[in-house]
Amino acid sequence: MKTEQSLSRFSPLTPIATTQPILFIDSTAPLTELHACASERLHATLDYLTLMACATLRDSAASDFNTLTNVARILVQDVTDVFGVIEQRGLEDQ
């Protein structure tokens, strides 16, 4: 595969802990697969946040809250990036 093809085929996930993209989305994947990926992460995040909203965290340290919010942030950022690819594909088809 040519470098130009691979650069246009793969869309980077937003880097959170690195200075450059490490993880990429196959922007040519079927829309149903991209949607399934985003849906899985979004539902997992909702379930996770629902669990955290119902939990008693009186024995938790301040760093626990940072960890909990960071997990949700990473998952939501992934969903946002995948939806960005889906939206771009939708615009190209019009």
Side-chain angles (χ1 to χ4, degrees):
M1 181 182 304
K2 294 181 182 177
T3 304
E4 286 180 25
Q5 287 175 324
S6 64
L7 289 177
S8 65
R9 177 179 176 181
F10 296 101
S11 177
L13 286 168
T14 301
I16 293 175
T18 61
T19 57
Q20 61 186 5
I22 303 297
L23 301 174
F24 294 84
I25 302 164
D26 182 351
S27 59
T28 64
L31 288 175
T32 55
E33 295 295 320
L34 291 169
H35 181 270
C37 176
S39 181
E40 176 183 44
R41 282 164 174 71
L42 189 57
H43 284 99
T45 304
L46 180 59
D47 291 347
Y48 173 77
L49 291 173
T50 300
L51 176 66
M52 291 298 98
C54 297
T56 303
L57 300 174
R58 66 186 95 135
D59 294 330
S60 301
S63 63
D64 293 339
F65 292 107
N66 290 340
T67 300
L68 297 172
T69 55
N70 198 39
V71 168
R73 184 175 69 93
I74 289 169
L75 288 169
V76 170
Q77 185 61 61
D78 284 359
V79 170
T80 301
D81 291 343
V82 174
F83 276 142
V85 170
I86 292 170
E87 290 168 3
Q88 185 62 39
R89 291 265 303 273
L91 292 174
E92 289 172 357
D93 292 342
Q94 294 181 3

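FYI, side chains are in, hydrogens and waters are out, and symmetry mates aren't considered; it's all heavy atoms of this structure.
Between the CZ atom of Arg9 and the CD1 atom of Ile25 there is a distance of 13.0 Å, given to the nearest 0.5 Å. In this structure, the separation between OG1 on Thr80 and CZ on Arg41 is 12.0 Å, given to the nearest 0.5 Å. Note that CG of Asp81 and CG of Leu34 are 12.0 Å apart. Values are rounded to the nearest 0.5 Å. With values rounded to the nearest 0.5 angstrom, Leu23 atom CG is found 8.0 Å from Thr18 atom OG1. One finds the SG atom of Cys37 at 9.5 Å from the CZ atom of Phe83 (value rounded to the nearest 0.5 Å).
In terms of hydrophobic clustering, with Ile, Leu, Val, Met, Phe, Trp and Tyr side chains grouped at heavy-atom distances under 4.5 Å, Leu46 and Val71 are assigned to different clusters. At a threshold of 4.5 Å between side-chain heavy atoms, the hydrophobic network of Ile, Leu, Val, Met, Phe, Trp and Tyr places Val76 and Leu68 in two separate groups.
Across Thr67 and Tyr48, no two heavy atoms sit closer than the pair O-OH, 4.4 Å. Annotation for Thr69 and Asn66: closest pair OG1-O, 3.1 Å, computed over non-hydrogen atoms. The heavy-atom pair separating Arg89 from Ser27 by the smallest distance is NH1-O, 2.8 Å. Scanning all heavy atoms of the two residues, the minimum distance from Pro21 to Pro15 falls at N-CG, 4.1 Å.
Members clustered with Ile16: Ile74, by chain and number, using a 4.5 Å side-chain heavy-atom cutoff among hydrophobic residues.
Of the possible donor and acceptor atoms, none in the side chain of His35 sits under 3.5 Å from a partner among the backbone N and O of Leu31.
The side-chain heavy atoms of Phe10 and Asp26, taken from C-beta on, include a pair separated by under 4.5 Å. Between Ile86 and Val82, some side-chain heavy-atom pair lies under the 4.5 Å cut-off.
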